[in-house]
**Q** 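Below are the structure tokens for one structure; questions will follow.
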Amino acid sequence: MLADVRIALVWHCTTPVADLCTALRAAQPEARVTTFHDLIADGDALRRLRPHLLIVAVDAPSEELAGTLRLMSALLPGAGLVLATPKTQEEAAQRMARRLGAALLVLPSNTAAVADALASALRAEPASDSSAMLSLMRGIADEVNNPLLGALGQLRLLESELASDEARLTKVKAASRSLRRIQGTLERARALLRSGQVNGALLPVDVGALLREMLPGTAFAPTLVLGDRDLLRTALRNLSAVGRDLASEGTAPTYSVEPVFGDTIVRLDIAATRLADWQLPRTFEPYYLSRLLRGTSHGLSLFAVQQTVVAQGGIARARRRQGGGVSFELLLPTAP
């Protein structure tokens, strides 16, 4: 937790606010807590405060509230969001919190629950804005593909003609390898474009079976989620490849599957000291991983994983592990 954290508390709830204020003081004694009464009317004051955390308490979450919170998150970049509701609204509030990337706090709450919610909100990261990136990538792939294929074809012919000239043949082969590397990048880009295109209705998919297929010798219980089997398989394989590279110097990555509030979480835990400087908000940014671990070919992998999961009604997120390391979580809708 930050040493001098500013907390904005917006209260639209009949639960006594004093109880939560007491828990906040106990959980974070040095925090500066400022109370507001209306998200819209107090919008300017909230922006001036520039809170590290925004806690919004409501009796019942609504679609109008979701829209307002999305707008407020855009106006307060970097602020962690906590949605607080009474126990009777927990299920609906959990669904909204998942959509917004917010932490959920059930009222009334004790000090431990408040501390957990604050920590979770501060660790959360926004989803990548994919539209511009995908549009640019589609144009580049189309623009480059045809001349690239033509150049590779000409080099193959040249290789045949230079079969007896070893020195020149070596140079031509080196050029061919460079072009094939570009071709591989384009193929990954095309795969990424497909990752957000779900054809037809989502169907029950046994994610446990996909993990057993990917990790021979492991035991995962049958667990049905709604999705596209082929896209989910590709996303899990991309995530697994990233996990192996990230954990290359330490303990092997571990997987788990668990239900939570109508969703299923597929979690990949990686413990590695090299991840101490991992920047959570950039987790799914294209090429962040490639720049962090020079020489890898996973520049688009995490971005593709996120796009696949979002296209199937889920969320991909990252959490920092205690003692170093990162957890990747894929929240997928559980099949009814």
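Both backbone and side-chain heavy atoms feed into the values below; hydrogens, waters and symmetry mates do not.
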**Q** With a 4.5 Å cut-off on side-chain heavy atoms, are Asp228 and Leu203 touching?
**A** no

**Q** Let me see the working for Trp278 and Leu246 under side-chain contact (heavy atoms from CB on, under 4.5 Å), right down to the final yes or no.
**A** CA-CA 11 Å; Trp278 187 278; Leu246 289 176; 3.8 Å; yes

**Q** Would Leu224 end up clustered with Leu210 when hydrophobic side chains under 4.5 Å apart are linked, directly or stepwise?
**A** no

**Q** Can you tell me how far apart CG (Leu331) and OG1 (Thr264) are? Round to the nearest 0.5 Å.
**A** 9.0 Å

**Q** Of all heavy-atom pairs between Ala103 and Ala117, which one has the smallest distance, and what is that distance?
**A** CB-O, 3.5 Å

**Q** Go through the steps for Met96 and Ser62 under the test side-chain contact (heavy atoms from CB on, under 4.5 Å), then give the verdict.
**A** CA-CA 9 Å; Met96 179 176 291; Ser62 65; 5.6 Å; no

**Q** Can you name the closest pair of heavy atoms from Leu211 and Phe220 and give their distance?
**A** CB-CD1, 3.7 Å

**Q** With side-chain contact (heavy atoms from CB on, under 4.5 Å) as the test, would you mind laying out the steps for Cys21 and Arg25 before giving the verdict?
**A** CA-CA 6 Å; Cys21 289; Arg25 284 193 293 270; 3.9 Å; yes

**Q** Under 3.5 Å, is there a donor-acceptor pair linking the side chains of Arg244 and Ser240?
**A**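 Yes - a donor-acceptor pair under 3.5 Å links their side chains.
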
**Q** Count I, L, V, M, F, W, Y as connected when their side-chain heavy atoms are under 4.5 Å apart, and connections chain through other members. Are Leu104 and Leu53 then in the same cluster?
**A** no

**Q** Rounded to the nearest 0.5 Å, how far does OG of Ser301 lie from CZ of Phe284?
**A** 12.0 Å

**Q** Quick one: CG on Leu157 to CG on Leu152, what's the gap to the nearest 0.5 Å?
**A** 11.0 Å

**Q** With side chain to side chain contact (heavy atoms under 4.5 Å, CB included) as the test, pick out the partner of Val305 among Asn238, Val242, Val310.
**A**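 Single pass found, and it is Asn238.
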
**Q** Listing request: all side-chain hydrogen bond (donor to acceptor under 3.5 Å, both in side chains) pairs with a residue in residues 76-90, at least two apart in sequence or in separate chains.
**A** Lys87-Glu90

**Q** Of the non-hydrogen atoms in Ala235 and Thr308, which two are nearest, and what is the gap between them?
**A** CB-CG2, 3.9 Å

**Q** Carefully, step by step, assess Arg320 and Glu329 under the rule salt bridge (charged side-chain N to carboxylate O under 4.0 Å, His left out).
**A** CA-CA 11 Å; Arg320 197 175 303 283; Glu329 296 179 348; over 6 Å; no

**Q** Does the side chain of Phe328 reach to within under 4.5 Å of the side chain of Leu330, using non-hydrogen atoms?
**A** no

**Q** Side chains of Leu54 and Leu46: closer than 4.5 Å at any heavy-atom pair?
**A**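 A side-chain contact under 4.5 Å exists here.
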
**Q** Quick one: does Asp42's side chain have a donor or acceptor within less than 3.5 Å of a partner on Ala45's backbone?
**A**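 Not confirmed, Asp42 side chain does not pair with Ala45 backbone.
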
**Q** In sequence, state the C-alpha distance, the side-chain angles, and the governing distance for Thr34 and Ile7, and then conclude on side-chain contact (heavy atoms from CB on, under 4.5 Å).
**A** CA-CA 6 Å; Thr34 305; Ile7 300 176; over 6 Å; no

**Q** Contact between Ile270 and Ser327 at the side-chain level, heavy atoms closer than 4.5 Å - yes or no?
**A** no

**Q** Quick one: does Leu49's side chain get under 4.5 Å of Arg32's, heavy atoms only?
**A**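 The answer is yes; the side chains approach within 4.5 Å.
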
**Q** Which of these, Leu83, Val33, Val82, Leu81, sits in a side chain to side chain contact (heavy atoms under 4.5 Å, CB included) with Ile55?
**A** Val82

**Q** Distance check, rounded to the nearest 0.5 Å: His12 atom NE2 versus Thr68 atom OG1?
**A**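 Answer rounded to 0.5 Å: 8.5 Å.
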
**Q** Report the C-alpha distance between Glu213 and Arg237 in whole Å, list the side-chain angles of each, state the deciding distance to 0.1 Å, and finish with yes or no for salt bridge (charged side-chain N to carboxylate O under 4.0 Å, His left out).
**A** CA-CA 10 Å; Glu213 172 189 317; Arg237 290 192 178 280; 3.4 Å; yes

**Q** Rounded to the nearest 0.5 Å, what's the gap from CG on Leu332 to CG on Leu226? Could you check?
**A** 9.5 Å

**Q** When clusters are formed by joining ILVMFWY residues with side-chain heavy atoms under 4.5 Å apart, either directly or through shared neighbours, do Tyr255 and Val309 land in the same one?
**A** yes

**Q** So, do Thr254 and Leu268 sit near enough that their side-chain heavy atoms are less than 4.5 Å apart?
**A** no

**Q** Transitively linked via ILVMFWY side-chain contacts under 4.5 Å: Val106 with Leu69?
**A**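 No, it is not one cluster - the side chains of Val106 and Leu69 are not joined through contacts under 4.5 Å.
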
**Q** Taking Val172's backbone N and O only, do any of them form a donor-acceptor pair with Ser176's side chain (distance below 3.5 Å, no angle check)?
**A**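 Yes.
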
**Q** What are the two closest non-hydrogen atoms of Arg317 and Ile265, and how far apart are they?
**A** NH2-CD1, 4.2 Å

**Q** Would you say that Val114 contacts Gln28 through its side chain, given a criterion of any heavy-atom pair below 4.5 Å between the two side chains?
**A**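 Sidechains of Gln28 and Val114: no contact.
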
**Q** Over all heavy atoms of both residues, which pair between Pro333 and Gly313 is shortest? Give the atoms and the distance, please.
**A**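 Residues Pro333 and Gly313, closest heavy atoms: CD-O, 3.9 Å.
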
**Q** So that I can tick it off, tell me whether Glu258 and Arg267 are bridged by a salt bridge, with the cut-off set at under 4.0 angstrom between side-chain N and carboxylate O.
**A**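 Here Arg267 pairs with Glu258 in a salt bridge, since their nearest N and O are under 4.0 Å apart.
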
**Q** Rounded to the nearest 0.5 Å, how far does CG of Asn110 lie from OG1 of Thr22?
**A**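 Answer rounded to 0.5 Å: 12.5 Å.
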
**Q** Partners of Thr14 by side chain to side chain donor-acceptor pair (under 3.5 Å), sequence neighbours excluded?
**A** Asp59

**Q** Mind checking whether Val58 and Val56 have side chains closer than 4.5 Å, heavy atoms only?
**A** yes

**Q** Given 3.5 Å as the limit, does a donor-acceptor pair link the side chain of Thr223 with the main chain of Ala221, or not?
**A**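 Yes: the side chain of Thr223 pairs with the backbone of Ala221.
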
**Q** Do Lys173 and Glu166 sit within salt-bridge range, that is, some charged N less than 4.0 Å from a carboxylate O?
**A**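 Between Glu166 and Lys173 there is no salt bridge, as every charged N stays at least 4.0 Å from the carboxylate O atoms.
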
